[in-house]
Each structure stands twice: as structure tokens, then as C-alpha cells.
Colleague: 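Please find one structure pasted underneath; my questions will follow.
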Amino acid sequence: MSQQVLTVIPARRASTRLPDKPLADICGAPMIVQVWHRAIAAGIGPVLIAADGPEIAEAVRAAGGEAVLTDPGLPSGSDRIAAALKIFDPERRFGVIVNLQGDLPTIEPASVRAALAPLADSAVDIATLAARIAREDDRTNPNVVKAVGAPIAPTRLRALYFTRATAPWGEGDLFHHIGLYAYRRAALERFVALPPSALEKREKLEQLRALEAGMRIDVEIVDAAPLGVDTPEDLARARDILKGRT
């Protein structure tokens with residue numbers, strides 16, 4: 001299969017804590033456009049927005065980006081990406097798909113690129129990212145998802161589990177999972193065809209579905225976790241961070 005890379009950013013307007021989140025202004029551009037800028041700057045290939053409505057698509061196109069409309073009723077970002085692929089790439093030109101969440105406007109382009117590194121190993125189905133946890137309160141925060149894995153290189157783990165609990169037990173680093181994935185296209189298609197798994201439903205972490213199905217996920221360790229924007233307070237922090245970069 002082709003090794004051409006397509007980055008897809010799923011975006012939906014519905015958010016209980018921050019309505020119309022993708023369209024929230026950050027330093028003069030909608031958040032979804034800021035994320036698009038970071039993905040373009042990564043320089044790994046084309047970037048597509050998988051939007052759940054015309055307002056998001058129009059904002060992206062006004063900035064010069066590409067967007068497709070997907071069913072607003074789709075249950076997850078992964079399903080939205082799979083649906084967008086069928087529309088955008090029926091010829092299957094792209095064999096590697098990067099799933100970049102639309103609420104990570106401060107992500108470093110280098111981190112987006114880093115997600116591709118584990119796919120150099122043909123045994124890896126899915127690659128993702130994590131950063132060492134530095135703040136003590138993040139170690140016990142259930143909103144900070146931990147990646148638990150076996151070290152296989154200085155900056156890489158083979159994922160064994162993902163959890164909201166404090167894990168693993170004992171002395172040593174804990175790793176904050178970053179919700180960015182690089183899929184082999186066949187792995188993405190297999191993943192979205194699987195039903196939600198028992199541990200996925202219990203932890204509310206969809207990547208556990210892949211592990212329970214025997215798929216291999218490797219984790220590339222990067223320097224820092226980007227800010228995920230879920231609340232008005234997060235939005236204010238993102239504005240401050242990006243203002244400081246200009």
C-alpha cells in the first residue's frame with residue numbers, strides 16, 4: 001500500500017463545555033484553522049478537515065484549506081475520519097492516515113511529524129504520542145490519560161495499556177498520552193469496523209479497542225503534551241500561548 005501521508009482533523013461543533021469549539025477565535029483565526037496551520041507546518045503531506053457541518057468547512061476553506069462534510073451523527077473522531085476518507089480518497093492514494101484532534105491548537109509541528117516514526121517498523125499498526133508527566137497532580141488526574149508500555153528504544157514504548165488511573169505503580173516516569181494517531185490505512189479500516197470493547201467502554205478510551213483486538217500500538221515520546229482545549233479557561237490559555245509565539 002502507498003506510504004503517502006494524509007492528515008485528517010475531525011471537527012464537530014457540539015461540545016457541552018465549550019459550544020462551537022472549532023470556531024472559537026484564537027489570535028484572529030478559528031481554532032480549527034490554528035490546528036490546520038500546525039498540521040501544514042509539519043510538512044508531511046496534505047491536510048483535510050472532516051467537518052460535521054458547513055460552518056466549519058467554510059471557515060477552513062476561507063483560510064485556504066480543504067474540508068469535506070461528514071454525518072454529524074457519527075460516534076467518534078475515528079469514524080469521522082474513515083467517512084471523510086471514502087469521500088476524499090476513493091482511489092486509496094494515501095496509505096498512512098494521521099488523526100489530529102481539532103482541539104490541539106498549540107501542538108508543535110515536530111510532534112505531528114514524530115508520530116510517523118514508529119510506522120517504520122512494519123509490525124506496528126498504529127502509532128501515537130506521549131510525554132513524561134512533570135506535574136505531580138497530573139499523576140492522579142483522571143483527565144490525564146496515561147500510556148503504559150514496554151520500553152523498546154530511548155524514545156519509544158510498545159503500548160500495553162492506556163488508563164485514567166495512576167499507572168504503572170512504583171518509582172519511575174509516568175507518560176501523558178497525547179491523542180494523535182498515525183494509522184496504516186488498513187488498521188484504521190479494521191479499527192472502525194470493530195464494535196466498542198469492554199475496556200474501551202469502562203475507561204472511555206477508544207484506543208483500548210485496538211489493543212483488545214490484538215493490534216500493535218507504539219508510542220513515540222515527545223518533549224511536552226500540547227494543551228487540549230475543552231473549557232473556556234483552556235481557551236484563554238491557548239490564546240496566551242499562541243500570542244506568545246507571534
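The figures here come from the full heavy-atom set of this structure, side chains too, leaving out hydrogens, waters and symmetry mates. Not measured: the values here are computed from a predicted model.
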Colleague: Determine whether the side chains of E203 and Y161 contain a donor N or O and an acceptor N or O closer than 3.5 Å.
Modeller: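 There is such a pair (donor and acceptor under 3.5 Å, judged by atom type) between the side chains of E203 and Y161.
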Colleague: Is it true that a side-chain atom of R80 and a backbone atom of D71 form a donor plus acceptor pair closer than 3.5 Å?
Modeller: yes
Colleague: Determine the minimum heavy-atom distance between I217 and A210, stating which atoms define it.
Modeller: CD1-CB, 4.0 Å
Colleague: Would you sort out whether L104 and L100 count as a side-chain contact (heavy atoms from CB on, under 4.5 Å), showing the intermediate values?
Modeller: CA-CA 8 Å; L104 298 176; L100 173 57; 4.2 Å; yes
Colleague: Can a donor-acceptor pair be found, under 3.5 Å and without considering hydrogens, that links the side chain of K204 to the backbone of R202?
Modeller: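 Pair absent, no side-chain N/O of K204 close to backbone of R202.
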Colleague: Using a strict cut-off of less than 4.0 Å between a Lys/Arg side-chain nitrogen and an Asp/Glu carboxylate oxygen, indicate whether D230 and K21 qualify as a salt bridge.
Modeller: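 Salt bridge between D230 and K21, a charged N being under 4.0 Å from a carboxylate O: yes.
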Colleague: Taking all non-hydrogen atoms of both residues into account, name the closest pair between N99 and P10 and its distance.
Modeller: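 Scanning both residues completely, I find the closest heavy atoms to be OD1-CD, 3.7 Å.
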Colleague: Would you kindly say whether T155 and E220 are connected by a side-chain donor-acceptor distance under 3.5 Å?
Modeller: yes
Colleague: Using a strict threshold of under 4.0 Å (side-chain N to carboxylate O), is an ion pair present between R139 and D137?
Modeller: no
Colleague: Closer than 4.0 angstrom, basic N to acidic O: yes or no for R92 and E189?
Modeller: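 Yes, this pair counts.
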Colleague: Can you name the nearest heavy-atom pair linking L180 to A115, along with the distance?
Modeller: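 Of all heavy-atom pairs spanning L180 and A115, the closest is CD2-CB, 3.3 Å.
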Colleague: Check whether F175 forms a cation-pi arrangement with R132 (NZ or CZ under 6.0 Å from the six-membered ring centre, at most 45° off the ring normal).
Modeller: no
Colleague: Under the side-chain hydrogen bond (donor to acceptor under 3.5 Å, both in side chains) rule, what pairs show up with a residue in residues 40-67, not counting sequence neighbours?
Modeller: R13-E55
Colleague: Could you check whether atom CZ of R164 has more than 12 heavy atoms from other residues, nucleotides or ligands sitting under 6.0 Å from it?
Modeller: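 For R164, atom CZ is crowded (more than 12 foreign heavy atoms under 6.0 Å).
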Colleague: Could you check whether any side-chain heavy atom of I97 comes within less than 4.5 Å of a side-chain heavy atom of F94, counting everything from C-beta outward?
Modeller: yes
Colleague: Any carboxylate oxygen within less than 4.0 angstrom of a Lys/Arg side-chain nitrogen, looking at R190 and D125?
Modeller: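 Salt bridge flag = no for D125 with R190.
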Colleague: Show me the donor-acceptor pairs, under 3.5 Å and distance only, between side chains in residues 33-44 and residues at least two apart or in other chains.
Modeller:
{"from": "Q34", "atom 1": "OE1", "to": "R38", "atom 2": "NH1", "distance (Å)": "3.3"}
{"from": "Q34", "atom 1": "NE2", "to": "I26", "atom 2": "O", "distance (Å)": "2.7"}
{"from": "R38", "atom 1": "NH1", "to": "Q34", "atom 2": "O", "distance (Å)": "3.1"}
{"from": "R38", "atom 1": "NH1", "to": "P105", "atom 2": "O", "distance (Å)": "3.1"}

Colleague: Heavy-atom count around D223 CG within 6.0 Å, excluding the residue itself: above 12?
Modeller: no
Colleague: Could you tell me if the side chain of D218 sits less than 4.5 Å from the side chain of I152, heavy atoms only?
Modeller: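 Side-chain contact under 4.5 Å: yes.
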Colleague: If we only count heavy atoms from C-beta on, is the M215 to I126 side-chain gap below 4.5 Å?
Modeller: yes
